[in-house]
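Data first, discussion second: the structure below is written as structure tokens.
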Amino acid sequence: MGVVTRFAPSPTGFLHIGGARTALFNWLFARHHQVHGDGGTFLLRIEDTDRARSTQAAVDAIYDGLSWLGLDWDGDPISQFARAERHREAVDQLLAQGNAYKCYCTPEELAEMRETAKREKRNRMYDGRWRDRDPSDAPAGATPVIRLKVPLERDTVIDDAVQGRVTVANEQLDDMVLLRADSTPTYMLAVVVDDHDTAVTHVIRGDDHLTNAFRQTQLYQALGWDTPKFAHIPLIHGPDGAKLSKRHGALGVDAYRDDGFLPEAMRNYLLRLGWSHGDDEVISTDQAIDWFTLSNIGKSPARFDVQKLTNLNGQYMRQADDRFLAETVLSRLRDMASVRLAEAAPDRLFKGMPGLKERSKTINELLENALFYATERPVPIDEKAVQQLSPDGKQLLTAARDKLARTDDWSDEGLMASAKQVSEETGAKLGAVAAPIRSALTGGTQSPSVFEILHVLGREESLGRIDDALGGLQPLKQ
RNA sequence: GUCCCCAUCGUCUAGCCAGGCCUAGGACACGACCCUUUCAAGGUUGAGACACGGGUUCGAAUCCCGUUGGGGACGCCA
């Protein structure tokens with residue numbers, strides 16, 4: 001049988017990190033089986049049965065997040081809400097079989113039961129007071145909820161691909177609500193019916209659903225359906241060790257995109273969080289698809305570590321295509337009103353990219369580092385760079401300017417050779433010669449090789465920037 | 001509180017299922033050194049963990065029991 005997985009988020013906010021990883025694992029599992037000729041379908045289902053909390057904006061955020069990560073789903077996304085009629089059919093079947101019943105409890109009664117359960121140190125809340133009651137006892141005018149009549153004794157067992165065999169006593173589980181008083185289906189019902197109808201074979205989701213799996217198993221059994229294989233993956237925790245939540249800060253994948261992270265780095269990081277393949281750290285998507293198995297998922301929760309993500313992102317940055325990076329930077333630069341883009345900016349960014357990308361861990365960092373290439377003369381100069389333009393510094397810079405003006409070989413090597421000559425002639429160290437040039441060219445004190453920069457900028461622009469500095473023409477930064 | 005789950009460097013993890021190859025390996029972060037025109041990158045290197053207590057065994061990070069610690073679930077939310 002072909003493998004079918006699904007990602008089933010509820011559209012109540014952005015696509016958070018945990019959800020993204022769940023989606024990734026489902027996607028990887030499906031694609032792995034696809035590659036190995038065993039079906040491999042990855043479905044997207046929007047669990048929008050809670051009308052009050054579901055928004056179209058959140059649905060769009062999920063599409064955007066998944067698309068950014070490169071996780072493509074098969075077929076159209078399924079709206080759970082749209083399938084309510086079908087869900088009610090399943091309940092009719094259960095009612096007819098005597099596996100479900102009407103419950104007329106008021107919210108007050110329920111609250112009371114909850115209190116009692118707590119006081120008596122029991123897990124099961126609902127006391128089953130309408131379970132075997134005569135329907136004619138129904139209070140006039142009240143609309144009931146439909147509950148599943150679950151077994152009172154014995155155990156429910158799930159054979160989880162990650163957690164192993166987990167058993168729970170049925171006395172821990174109460175009669176869950178299937179249909180609300182307004183006759184809309186609950187999540188528990190909808191999930192089971194939808195997974196069954198779409199032939200889902202593997203339910204890969206967060207560990208927080210483990211207890212739901214027991215209830216759902218009972219539902220499957222009542223409906224006479226086969227259960228899918230469950231795989232409950234450990235949750236991602238924040239730095240404090242608690243389940244990742246809003247108070248941990250930037251958690252939507254869109255926030256990481258805005259912070260300049262690459263989707264392939266994010267994917268790689270998320271994959272390694274809880275899953276491993278020996279000592280491998282940098283894993284391509286093809287390798288991930290090839291290697292991914294549920295048995296390599298660890299059982300303990302992992303903490304989200306931005307530093308490691310950042311390092312990994314840096315590695316992907318260095319591998320990234322120069323043209324792509326240059327264009328990415330350029331398009332962001334064009335949106336910045338404060339930047340005066342030079343005509344030669346595209347060309348310089350592309351040529352300077354090898355030196356630039358090695359020094360940038362994120363796109364945002366790259367943007368900052370690349371600014372001096374893209375901007376029009378005169379470039380603003382920061383405080384530390386100004387210090388390099390002391391009288392001594394300017395003297396060296398003047399000597400360098402003269403030498404540069406007479407340099408024919410405008411290559412990295414030729415420029416380096418000229419600088420070395422200045423160094424020899426003045427008795428100053430090469431570093432002392434390079435420092436004021438760097439200041440003049442970039443307005444800062446940290447940059448790629450000054451010879452690379454001279455080369456990329458070209459003779460005219462380079463000498464112009466040096467003249468600006470010598471004449472004190474550059475505006476102060478900040 | 002009840003039920004379920006988890007437990008190797010600060011963090012992510014390999015090793016565990018099929019005990020000896022483990023004086024526990026890798027990665028991030030941190031320290032030192034090298035390279036060097038700055039900053040990175042790169043190279044070498046250092047510090048850093050089997051939660052604790054009992055068993056079983058010739059031998060336990062690996063198997064069993066308990067303790068402690070952490071997490072999750074306990075809705076007419078999903």
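So that the names make sense, note that chain A is the first sequence line, chain B the second, and so on, each numbered from 1.
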With a 3.5 angstrom cut-off on both distances, give the Watson-Crick or G-U wobble partner of C28(B), or none if there isn't one.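 When the pairing criteria are applied, G10(B) turns out to be the nucleotide that pairs with C28(B).
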Is there a Watson-Crick or G-U wobble partner for C52(B) with both distances under 3.5 Å, and which nucleotide is it?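 WC or wobble partner is G66(B).
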Just to be sure I understand the rule, does [X] reach a base, reach only the sugar-phosphate, or reach nothing, if contact means heavy atoms closer than 4.0 Å?
| X | answer |
| --- | --- |
| T12(A) | nothing |
| A181(A) | base |
| V166(A) | sugar-phosphate |
| K361(A) | sugar-phosphate |
| H232(A) | nothing |
| N369(A) | nothing |
| S360(A) | nothing |
| K299(A) | sugar-phosphate |
| P448(A) | base |
| G274(A) | sugar-phosphate |
| V168(A) | sugar-phosphate |
| C105(A) | base |
| E358(A) | base |

Any idea which of [options] is nearest the [X] side chain?
| X | options | value |
| --- | --- | --- |
| S10(A) | A78(B), U11(B), A29(B) | A78(B) |
| Q163(A) | C5(B), C28(B), U2(B) | C5(B) |
| R318(A) | G42(B), A14(B), U37(B) | G42(B) |
| K121(A) | U37(B), U2(B), G26(B) | U2(B) |
| M125(A) | G75(B), G1(B), C3(B) | G75(B) |
| D208(A) | A27(B), G72(B), U38(B) | G72(B) |
| A434(A) | A7(B), A27(B), U37(B) | U37(B) |
| R114(A) | C76(B), C39(B), A78(B) | C76(B) |
| R303(A) | C4(B), U11(B), C76(B) | U11(B) |
| A302(A) | C12(B), C76(B), A78(B) | C12(B) |

Mapping T186(A) and F451(A) to their closest nucleotides on RNA chain B, which lands nearer the 5' end?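 Going by which nucleotide is closer to the 5' end, it is F451(A).
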So which one's nearest nucleotide on RNA chain B is more toward 5', L235(A) or P9(A)?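 Taking each residue's closest nucleotide, the earlier one in sequence belongs to L235(A).
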Nucleotide [N], atom [atom2] - distance to [atom1] of [X] in whole Å:
| X | N | atom1 | atom2 | answer |
| --- | --- | --- | --- | --- |
| N311(A) | A40(B) | CG | P | 14 Å |
| L270(A) | U13(B) | CG | P | 12 Å |
| N268(A) | U13(B) | CG | P | 14 Å |
| D195(A) | A78(B) | CG | C1' | 13 Å |
| D194(A) | A78(B) | CG | P | 12 Å |

Using a cut-off of less than 4.0 Å, is there contact between a side-chain N or O of [X] and OP1 or OP2 of [N]?
| X | N | answer |
| --- | --- | --- |
| K384(A) | U38(B) | no |
| R272(A) | A27(B) | no |
| S276(A) | A14(B) | yes |
| N123(A) | G1(B) | no |
| R215(A) | A78(B) | no |
| S423(A) | U37(B) | no |

Measuring only the [atom1] atom in each nucleotide, how far is [N] from [M]? A whole number of Å is fine.
| N | M | atom1 | result |
| --- | --- | --- | --- |
| C28(B) | U45(B) | P | 14 Å |
| G59(B) | C21(B) | P | 15 Å |
| A47(B) | A41(B) | P | 23 Å |
| A27(B) | U38(B) | P | 27 Å |
| G26(B) | G66(B) | C1' | 34 Å |
| C50(B) | A7(B) | P | 16 Å |
| U56(B) | U11(B) | C1' | 35 Å |
| G71(B) | A51(B) | C1' | 16 Å |

State whether the distance check finds a donor on one side and an acceptor on the other, under 3.5 Å, for side chain [X] versus base [N].
| X | N | result |
| --- | --- | --- |
| S449(A) | U37(B) | yes |
| K308(A) | C12(B) | yes |
| D279(A) | G25(B) | yes |

If you count every heavy atom of other residues, nucleotides or ligands that lies below 6.0 Å from Q319(A) atom CD, does the total exceed 12?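 Enclosed: over 12 neighbouring heavy atoms sit under 6.0 Å from CD of Q319(A).
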Which residue in the set D195(A), N26(A), D194(A) passes side-chain hydrogen bond (donor to acceptor under 3.5 Å, both in side chains) when paired with R6(A)?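 Checked D195(A), N26(A), D194(A) against R6(A); only one passes side-chain hydrogen bond (donor to acceptor under 3.5 Å, both in side chains): D195(A).
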Of all the heavy-atom pairs spanning [X] and [Y], show the shortest one and how long it is.
| X | Y | result |
| --- | --- | --- |
| L454(A) | S462(A) | O-OG, 3.4 Å |
| I233(A) | F25(A) | CD1-CD2, 3.8 Å |
| V329(A) | A370(A) | CG1-CB, 4.3 Å |

Is [X] salt-bridged to [Y], cutoff N-O under 4.0 Å?
| X | Y | answer |
| --- | --- | --- |
| R88(A) | E85(A) | yes |
| K118(A) | E115(A) | no |
| R147(A) | D174(A) | no |
| R83(A) | D197(A) | yes |

State which residue, out of W275(A), Y256(A), F304(A), fulfils the ring pair (Phe, Tyr, Trp, His ring centres under 6.0 Å) condition with Y269(A).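 Single pass found, and it is F304(A).
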